[in-house]
Amino acid sequence: VSKIFSAGLDITEMSGKSNEHYAAFWRAVQEMWLKLYGSNMVTIAAINGSSPAGGCLMALCCDYRIMADNPKFAIGLNETQLGIVAPFWFKDTMINTIGNRATELSLQLGQMYPAPEALKFGLVDKLVPEDKVQSAAAAAMSQWLSVPDHARQLTKSMMRKPAIDRLVKQREADINNFVSFISKDSIQKSLQIYMDRLKQKK
Ligand SMILES: CCCCC/C=C\C/C=C\C=C\CC(=O)SCCNC(=O)CCNC(=O)[C@H](O)C(C)(C)COP(=O)(O)OP(=O)(O)OC[C@H]1O[C@@H](n2cnc3c(N)ncnc32)[C@H](O)[C@@H]1OP(=O)(O)O
């Protein structure tokens with residue numbers, strides 16, 4: 001979709017459903033992160049539009065991020081703005097990209113960064129004109145693929161393994177946490193208010 005890289009997790013999957021539904025949904029989200037963050041392939045994010053929350057997470061999972069140079073497009077982990085909390089593995093992924101202090105600011109405020117600020121913050125690696133995002137991503141891919149694969153893969157794994165092992169160890173507890181958090185009446189209410197606001201904005 002033009003103007004949107006990803007709208008993040010589907011909020012309708014997190015509201016008004018059963019606990020079994022929430023558990024299955026969260027397991028699938030964990031699986032997505034484990035596969036993408038843990039992939040030994042080269043992954044380049046071609047960010048052609050806004051990328052809130054889960055969308056930002058997907059981009060952060062990649063090895064390199066190229067974003068369209070348009071200040072109308074914003075990226076960030078904005079969970080607190082929805083009244084929810086970025087789980088520890090979202091937080092770890094961001095820390096591994098921009099560091100602890102910048103992550104704390106970002107997460108507590110639920111900040112969405114317009115493209116130029118995202119570059120300054122290190123959330124993305126490069127800005128290019130909107131119509132050059134795909135070609136710039138292809139060029140970056142060629143550069144990354146020119147590095148001997150075994151050395152690049154071992155280096156990637158060395159950098160990411162501690163975060164991945166942490167989720168693998170706590171996977172069931174993380175699902176239980178998510179279910180008990182998201183099914184609270186107060187959280188359901190916050191999500192409803194956020195969705196109503198999104199619709200009113202039109
Ligand atoms: C202490 C224990 C902690 C345990 C862990 C607990 C909790 C963690 C839980 C969850 C983590 C979640 C991460 C997420 O990803 S949450 C989702 C965050 N996403 C957003 O905030 C995106 C909101 N959307 C937007 O900002 C805009 O819609 C967007 C910029 C994407 C596009 O703008 P545009 O103007 O083009 O389009 P709209 O008119 O706003 O939207 C069209 C249509 O789509 C609906 N919609 C948008 N985003 C979502 C979404 N993420 N999920 C579901 N539906 C969405 C929007 O409501 C419109 O619908 P309709 O009116 O056409 O029916």
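This is a predicted model, so every value here is computed, not measured. Whatever order the structure lists them in is the order used to number ligands and atoms, beginning at 1. Values below: every heavy atom of this structure, side chains too, minus hydrogens, waters and symmetry copies.
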Of all the atoms in ligand 1, which lie at a distance below 4.0 Å from a heavy atom belonging to [X]?
| X | answer |
| --- | --- |
| I84 | 9 (C), 10 (C), 11 (C), 12 (C) |
| M14 | 10 (C), 16 (S) |
| V85 | 5 (C), 6 (C), 7 (C), 8 (C) |
| D10 | 52 (N), 53 (C) |
| G8 | 15 (O) |
| N78 | 21 (O) |
| L198 | 23 (C), 24 (N), 25 (C), 28 (O), 47 (C), 57 (O) |

Quiz prompt | Selected option - heavy-atom contact closest to atom 12 (C) of ligand 1, from I4, I175, L57, L9 | solution = L9

If we only count N/O pairs under 3.5 Å, is [X] in contact with ligand 1?
| X | value |
| --- | --- |
| S50 | no |
| Y194 | yes |
| K199 | yes |
| I11 | yes |

Using a 4.5 Å cut-off on heavy atoms from C-beta on, say whether the side chain of [Y] contacts that of [X].
| X | Y | value |
| --- | --- | --- |
| Y113 | K120 | no |
| L57 | L9 | no |
| I182 | N19 | no |

Just to be sure I read this right, does ligand 1 sit under 4.0 Å from the backbone of [X], its side chain, both, or neither, counting only heavy atoms?
| X | result |
| --- | --- |
| K3 | neither |
| D174 | neither |
| Q81 | neither |
| A7 | both |

Quiz item: Do the side chains of M67 and Y64 join up, straight or via other hydrophobic residues, at under 4.5 Å, putting them in one cluster?
Solution: no

Quiz item: For A151, does its backbone N or O pair with a side-chain atom of T155 as donor and acceptor, under 3.5 Å?
Solution: yes

Which atom pairs, donor and acceptor, lie under 3.5 Å between side-chain atoms of residues 33-47 and protein residues at least two apart or in another chain?
unit_1, atom_1, unit_2, atom_2, d
W33, NE1, T93, OG1, 2.9
K35, NZ, E31, OE2, 3.2
Y37, OH, N96, ND2, 3.1
S39, OG, M41, N, 3.0
T43, OG1, D63, N, 3.2
T43, OG1, D63, OD2, 3.2

Quiz item: Are any of the side-chain nitrogens in K91 or E104 under 4.0 Å away from the carboxylate oxygens of its partner?
Solution: no

Quiz prompt | Ion pair check, R152 and D149, cut-off under 4.0 Å | solution = yes

Quiz item: When rounded to the nearest 0.5 angstrom, what is the spacing between CD in Q81 and CD in E79?
Solution: 10.5 Å

Quiz prompt | Modelled atom types, side-chain donor and acceptor of E172 and N176, under 3.5 Å | solution = no

